[in-house]
Amino acid sequence: MPRRTMIEAIRDALDVMMARDPRVVVFGEDVGYFGGVFRCTEGLQRKYGPSRCFDTPISESGIVGAAVGMAAYGLRPVAEIQFADYMYPGYDQIVSEAARLRYRSAGEFTAPLVVRMPCGGGIFGGQTHSQSPEALFTHVCGIKTVIPSNPHDAKGLLIASIEDEDPVIFLEPKRLYNGPFDGHPEKPAVPWSRHPLSETPEGHYTVPLGQAAVRREGAAVTVLAYGTMVHVAEAAAEETGVDAEILDLRTLVPLDIDAIVRSVRKTGRCVILHEATRTSGFGAELSAQVQERCFWHLEAPILRVTGWDTPYPHAQEWDYFPGAARVGRALRAAVEG
Amino acid sequence: MAQGAESATARRRTRGTREPAMGREELLQAYRDMLLIRRFEEKAGQLYGMGLIGGFCHLYIGQEAVVVGMQMCLEPGDQVITSYRDHGHMLACGMEARGVMAELTGRIGGYSKGKGGSMHMFSREKGFYGGHGIVGAQVSLGTGLAFANWYRGNDNVCLTYFGEGASNQGQVYESFNLAALMKLPVVYIIENNKYGMGTSVERASASRDLSKNGAPWGIPGEQVNGMDVTAVKEAGERAVAHCREGKGPYLLEMKTYRYRGHSMSDPAKYRTREEVQRMREQSDPIETARRMLAEQGVGEAELRKVDDEVKAIVQDAADFAQQSPEPPESELWTDVLVEEAR
């Protein structure tokens, strides 16, 4: 089976869908001629022409707003916001238009669009190129939020997102584009080719939205993670020897609550990870849901390991990033607690 | 043609004879300031290559004449605000090369104590309001700075820089409308270096003459040869005077060019090597200034003295930026909200 990086897997998903479905159009800043700043759309304009893969001006509000209109009239727009940090001018269109069109027209019109955005830190991007805004989307009803952790899922989830009947925010952890990252910046970078989940089938396949994956089976503690933090969790379990069960949520909305409940009822302990800031982060929602459903099974307080409640720093990236050491301490605390 | 450009042409006609736009000392100063930016940026590129600077780093090489010419039009109390390609603006404002370079290397001696990085530095003392990483966002901020001038009744002016790529952001036009409506003292400076990252202006803007982008609001605009520091200063004087007189905003489209990539990782597939080479050879702002200086009788020895002085400043900055300590962990949590007395 072919091995792909996350970039190649995303590009392949777009390619597959553009070939299958003439309604699919791909656009964004530097997406067409230049092929995207992370090269996710390289070659698509050459292959499908500038009416199906095109550059937009730097105007995120216009990009998302136009996508809503396209989607309402039967197209399947896949818009790229160059960095998730740039989406705020388009946020109004996401929240007030894309997310609400179905409800306020009583289902007469819908906005089946995908907005792709690279997110997360780990590349010294500082406060305007490192954010993880997933909770700003999960808080908004009417949109779905997806965040893959590996090439296999990225391709399958992106195809599922494009085929989905609702607007999907597709967050791509940019630190994972070229290889898995376990939270140890001092170690040499590992390419995807050595990771089993770089195997991506050719052609069309989907990873359904709303299904978590167990990345590591364990009995001592359940770890809920997504995106880059899945790999950090694996490293922390390895390094501490804690028998953790690691769930890769893959989609935050819809959430695979059954898989979470199943695991927490088995282990009786739960550690939640995300790179985003702590207060009102998605971990708060996960913690509440676990508590509501698993209270009588819990043997220790639910713990969260997250980014600090500060803007993403420039120089102190690795003090901010919840790396394997911090996650490892939480794993120990959870099993000892 | 926009009304500002018309009046400029008229003025040139009435003046008749061609006189040098800058005197010897002024031009020498401009040469020095441009050279400082050039050498600083080259050094930053080197330090980046050595791994001493991480993340994003947008070099200003090629565009030096714009900021140096404009800065010569300012008076104390005026403000400057720009985007992320900001090192040149800071040096032109008189900020210390040391503090800028140390911010690039993420050290405590940097202007933002390592919290901001290349794109985010500030100096209240020098009237520099940042360094902003989000494309176009600073245009509204600059409009607000101009409002504060208007509100306080001073005659200060805010120079608000942005790229031709940013000129397509919606908030730019929201700002134009507000500034024109309230006659705010803001000079909008579009640094048109032809490429918004990898997308050429022709592929991103339906507008072919960006100096006319303020026309619906009656904002006078003109296109300026941004590779010639004397042309920049001449246009800048007009624009700043217009604002100081309370006539409202003014728009300058600086036709310029960046020699390096958008940032440090740029495959540069969107333009030819020959195009860059041609600009370097035919339009380089520093070489142009050097030639003009020679015409005014400035000899090689004097220029070499400037070169040496600049070189020493840049080397000192590079040394400082490597010696300044990394910020302590406690800095991570400061400056998030106002700090109450503990």
Side-chain angles (χ1 to χ4, degrees), chain A residues 27-39 41-43 45 50 54-65 81-83 85-90 92-93 121-131 185 277 279 307-321, chain B residues 53-57 84 102-108 110 112-120 132-137 163-172 195-201 203-206 262-263 265-270 326-337:
Chain A
F27 55 96
E29 294 155 14
D30 292 301
V31 159
Y33 183 80
F34 189 64
V37 293
F38 292 104
R39 322 308 301 160
T41 54
E42 192 163 31
Q45 186 177 72
F54 58 93
D55 295 312
T56 64
I58 303 174
S59 36
E60 293 80 11
S61 178
I63 291 169
V64 180
I81 299 294
Q82 199 165 75
F83 284 81
D85 315 67
Y86 301 173
M87 72 83 187
Y88 300 102
D92 179 46
Q93 293 289 346
I123 65 160
F124 282 105
Q127 59 185 269
T128 50
H129 295 77
S130 308
Q131 293 169 79
T277 48
T279 301
W308 308 115
D309 280 343
T310 75
Y312 214 106
H314 167 66
Q316 295 173 298
E317 174 133 55
W318 303 120
D319 293 324
Y320 178 92
F321 188 91
Chain B
I53 297 171
F56 292 82
C57 185
Y84 45 83
E103 188 62 32
L104 296 182
T105 53
R107 304 303 173 92
I108 194 77
S112 296
K113 298 184 188 171
K115 289 176 182 184
S118 161
M119 298 179 278
H120 309 113
H132 297 270
I134 296 297
V135 174
E164 87 292 338
S167 75
N168 295 313
Q169 280 282 25
Q171 68 253 43
V172 170
Y195 298 94
M197 196 167 275
T199 299
S200 67
V201 62
R203 284 187 283 112
S205 291
H262 165 77
S263 66
S265 54
D266 181 341
K269 286 181 178 169
Y270 49 85
E326 291 183 5
E329 203 177 70
S330 58
E331 273 298 335
L332 187 55
W333 292 275
T334 56
D335 302 313
V336 178
L337 289 170

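Here the structure is a predicted model, which is why all the values come from computation and not from measurement. Reckoned from all heavy atoms, side chains included, excluding hydrogens, waters and symmetry mates. We name chains A, B, ... by the order of the sequence lines, and we start the count at 1 in each one.
- Both the backbone and the side chain of Lys269(B) come within contact range of chain A, judged by heavy atoms closer than 4.5 Å.
- Counting only N and O atoms by type, the side chains of Asp85(A) and Thr128(A) include no donor and acceptor under 3.5 Å apart.
- Asp309(A) and Thr279(A) form a side-chain donor-acceptor contact under 3.5 Å, judged by distance and modelled atom types alone.
- Contact annotation: the side chain of Trp318(A) approaches that of Phe124(A) to within less than 4.5 Å [non-hydrogen atoms, C-beta and beyond].
- The part of Gln82(A) that comes within reach of chain B is its side chain, from C-beta onward, which places non-hydrogen atoms under 4.5 angstrom from that chain.
- Aromatic rings from His262(B) and Tyr195(B) are positioned such that their centres are separated by 6.0 Å or more.
- Note on Met197(B), His132(B), Arg107(B): by heavy-atom pairs under 4.5 Å with chain A, the leading option is Met197(B).
- For Asp335(B), no part lies under 4.5 angstrom from a heavy atom of chain A.
- When heavy atoms are compared at a cutoff of 4.5 Å, Thr310(A) approaches chain B by way of both its backbone and its side chain.
- The aromatic rings of Phe54(A) and Phe27(A) lie parallel to each other, with less than 30° between the two planes, well short of the 60° mark.
- The most heavy-atom pairs under 4.5 Å with chain A, out of Gly198(B), Ser167(B), Gly106(B), Ala166(B), come from Gly198(B).
- If you tally non-hydrogen atom pairs under 4.5 Å between each of Tyr320(A), Trp308(A), Tyr88(A), Tyr86(A) and chain B, the highest count goes to Trp308(A).
- Aromatic rings of Phe38(A) and Phe83(A) (six-membered ring for Trp) have centroids within the 6.0 Å cut-off, being under it.
- Between His120(B) and Tyr84(B), the distance separating the two ring centers is not shorter than 6.0 angstrom.
- Interface remark: Ile53(B) contributes no atoms to any contact with chain A (heavy atom separation under 4.5 Å).
- Heavy atoms of Glu326(B) lying under 4.5 Å from chain A are absent altogether.
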